[in-house]
Amino acid sequence: MSSSLHWFRKGLRLHDNPALAKAIEHVRKQRGNSPHLYFLFVLDPWFASPAKVGPNRYRFLLESLQDLDTSLRGVGSRLHVAKGDPVEVLPRLAKEWSVGTVTWEVDTEPYARDRDEKMRQRLSSLGISVDTCVSHTIWDMSALMRAWGKSLPPTSYQSFLGLVAKVGEPILKDLSSREEVLQAIGELSEGSRATKKENKGVDEYLVPASLLDLPAFRAELERDPKEYAHLLSSRPPLFPGGESAALARFHDKITRQPQWVRSFEKPMTSPNALEPSTTVLSPYLKFGCLSSRFLWKQLTDIEKEGKGKHSAPPVSLRGQMLWREFFYINSYGTPNYAKMVGNPNCKQIPWGSDEKLFDAWKRGETGFPFIDAIMTQLRTEGWIHHLARHATACFLTRGDLWQSWEKGAQVFDLWLLDADFAMNNGNWQWLSASCFFYQYFRVYSPVAFGKKTDPNGDYIRKYVPQLSKYPKQYIFEPWKAPAALQKSCGCIIGKDYPSPIVDHDVASKANMAKMNVAYSANKQKDTMPHVNKSPRPSEGGSVGTNDTAGEEEYEPKRKRMKAATGKR
DNA sequence: GGCTAGTTGCCTGT
DNA sequence: ACAGGCAACTAGCC
């Protein structure tokens, strides 16, 4: 029982990995029993299936595991990759390998919290000790919630900034580098018998070399070759997974251009640039290939070192990191965070359920080129700009299609490389004006918004190539092009490219009226909790765009509200 | 109870 | 580039 095992889940890195460092310490303390340090990742069927993770992100994960394995083998160690339920698999291997201590990085997602609690109990019953560290986020969410002192987390960014100012910044002095950690592992590996033992027989714990090694994904590929065609291309991926790629990208986007870092303002970046206008470090943060604490420290240092002014939260790069922490505390402290029903911070809104509208959105066939280009980039490349996410999320929910944010979040969760429980569900609530943001009358135009940063429509030309010959005055709204022009451009609207599935002006105004009704119903429920009134489904036409009807709908409720509060 | 601020809306006019 | 109208939201703080 003298060996240790570090369990990788997120945190797929060696640098700044305090739980892994603890595992090294545990092994160092052992003497004489040829203790070994094992590294394990478990492909849990809970997420490792084509229904839960799109091919791009699975590829990214495998590359991240391959990179870890390569690094470890360089110093005489290796990564073991097992398949199955980790609560079943890990304790079995721990016994087989005479492991006395297991370490992992804290994961605050509901599934992970539940799984890890089961793992603790299971290991405890086997007499195996557990050591964990918080290093996926900059702050410890449980400590932040204690300091906050309320049962529900702060839902405004400003109050969150107040909270972290009160708590203070964590001390991030001695973040270990990958080289330091590898050297320490190398010293442990020397003379260890375990590495040699494994060379006998078939190795069932190798990192899968590609998606095609996984039967479920192979079956998907055979079922839908077109969908997976981009995976078979010989071109290297746009965003390769792994710690090496993470550190290289960090160097390229951050270290190499301090002036750009210091002047970064998120709203000034472009959602439809052909080269990403932001860092695209998010996939690496999601899997922990890059340490958020390391990035935070580097950004802080770059701001300090330069002279003159630098940008500030919420729009600066440090501000982006704080948004991440903000959504993490919300995901940690909100019951049923990923749902509307049962989520105390989420407005209850009677979203429609129209499969045709939803599928058209998902497939990028709405007839709005800007939206369809975004959805195509998402599906094929796995990353879209933050503001592109805004535009398409608003379009699906309160802007145009009036479909549930939960269904939109599922699509993002499937296809995004950086799909993150906290930020994905939080931002969908934000964009649908269900939580965090409530100015529902500010609606993104699927035609006008993209023109500001891409007047020529080059982004559309790339991702919706049917329209590539359209002149710029029609490319954002091709249905307005004269029939002769459509013909000469080789793309007839309604035949070669869909007609718009909604009239944006009509739909968005009708939806604003529905939001008004839904908000009023939520207000009544809040002020009169004994009246368990579910939000009324409303037809767009019944409220319509008539101002007087809206007034009548709204005014009496104000009075009732006053009467209700007056009772106190 | 009132006031203010809120990561990044759109459109028109200057 | 920026201001104001649009018709008007909520949370947080006083």
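In the text below, chain A, chain B and the rest are named by the order of the sequence lines, each starting its count at 1.
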Counter-base of dG2(B), judged by Watson-Crick or G-U geometry with both distances under 3.5 Å: dC13(C)
field: Candidates dC9(C), dC10(B), dT7(B) - which lies nearest the side chain of Lys266(A)
entry: dT7(B)
query: Closer than 4.0 Å, any side-chain N/O of Gln158(A) to the OP1 or OP2 of dT7(B)?
result: yes
- prompt: Can Phe441(A) be called stacked on dC9(C) when the rule is centres closer than 5.5 Å and an angle between planes below 30°?
  reply: no
task: Would you mind reading off the distance between Arg318(A) atom CZ and dT7(B) atom P, rounded to a whole angstrom?
output: 17 Å
statement: Of the listed dT7(B), dT10(C), dG9(B), the closest approach to the Phe449(A) side chain comes from dG9(B)
query: With respect to the phosphate group of dC10(B), does any side-chain polar atom (N or O) of Lys451(A) fall under 4.0 Å of OP1 or OP2?
result: no
message: What is the distance, to the nearest angstrom, from the OH atom on Tyr157(A) to the C1' atom on dT10(C)?
response: 19 Å
- request: Say whether, by atom type as modelled, one donor and one acceptor occur between the side chain of Thr334(A) and the main chain of Ser331(A) under 3.5 angstrom.
  value: no
query: Between Phe368(A) and Phe395(A), does a ring-ring contact (aromatic ring centres under 6.0 Å, His included) hold up when you go through it step by step?
result: CA-CA 10 Å; Phe368(A) 290 92; Phe395(A) 184 87; 5.2 Å; yes
query: Given dT7(B), dT10(C), dG6(B), which nucleotide is nearest the side-chain atoms of Val315(A)?
result: dT7(B)
- request: Using the P atoms only, state how far dT8(B) lies from dC2(C), rounded to an integer number of Å.
  value: 16 Å
query: Does a side-chain N-to-carboxylate-O contact under 4.0 Å join Glu169(A) and Arg318(A)?
result: yes
query: Atom CZ of Phe436(A) to atom C1' of dT7(B): distance rounded to whole Å?
result: 14 Å
- request: Answer with yes or no after comparing the ring centroid distance for Trp415(A) and Trp383(A) against a 6.0 Å cut-off, counting only values under it.
  value: no
field: Thr155(A) side chain near dG12(C) phosphate (N/O to OP1/OP2, under 4.0 Å)
entry: yes
- prompt: Just how far, in rounded Å, is P of dC13(C) from CZ of Phe160(A)?
  reply: 14 Å
- prompt: dT8(B) phosphate, OP1 or OP2: any side-chain N/O from Lys452(A) under 4.0 angstrom?
  reply: no
query: From dT8(B), dG12(C), dC9(C), pick the nucleotide closest to the side chain of Pro267(A)?
result: dT8(B)
- prompt: Rounded to whole angstroms, how far apart are CG on Leu161(A) and C1' on dA11(C)?
  reply: 15 Å
message: Just checking Phe239(A) against Tyr284(A), ring centres under 6.0 Å apart?
response: no
- line: Paired to dA7(C) by Watson-Crick or G-U wobble criteria (both distances under 3.5 Å) is none
- prompt: How far does the C1' atom of dA8(C) sit from the matching atom of dT4(B), given to the nearest Å?
  reply: 15 Å
message: Would you measure the distance from the P atom in dA3(C) across to the matching atom in dA5(B) and give it in whole Å?
response: 16 Å
message: Please report the distance, rounded to the nearest Å, between CZ in Phe264(A) and P in dT8(B).
response: 15 Å
- prompt: To the nearest Å, how far apart are Lys347(A) NZ and dA11(C) P?
  reply: 5 Å
Counter-base of dT7(B), judged by Watson-Crick or G-U geometry with both distances under 3.5 Å: none
- prompt: Looking at dG12(C), dG6(B), dC10(B), which one has an atom nearest to any side-chain atom of Ser156(A)?
  reply: dG12(C)
query: Any Lys/Arg nitrogen of Glu305(A) or Arg262(A) sitting under 4.0 Å from an Asp/Glu carboxylate oxygen of the other?
result: no
query: In whole angstrom, what separates Phe437(A)'s CZ from dT10(C)'s C1'?
result: 10 Å
- line: Among the nucleotides dC11(B), dT7(B), dA11(C), whichever has the atom closest to the side chain of His386(A) is dT7(B)
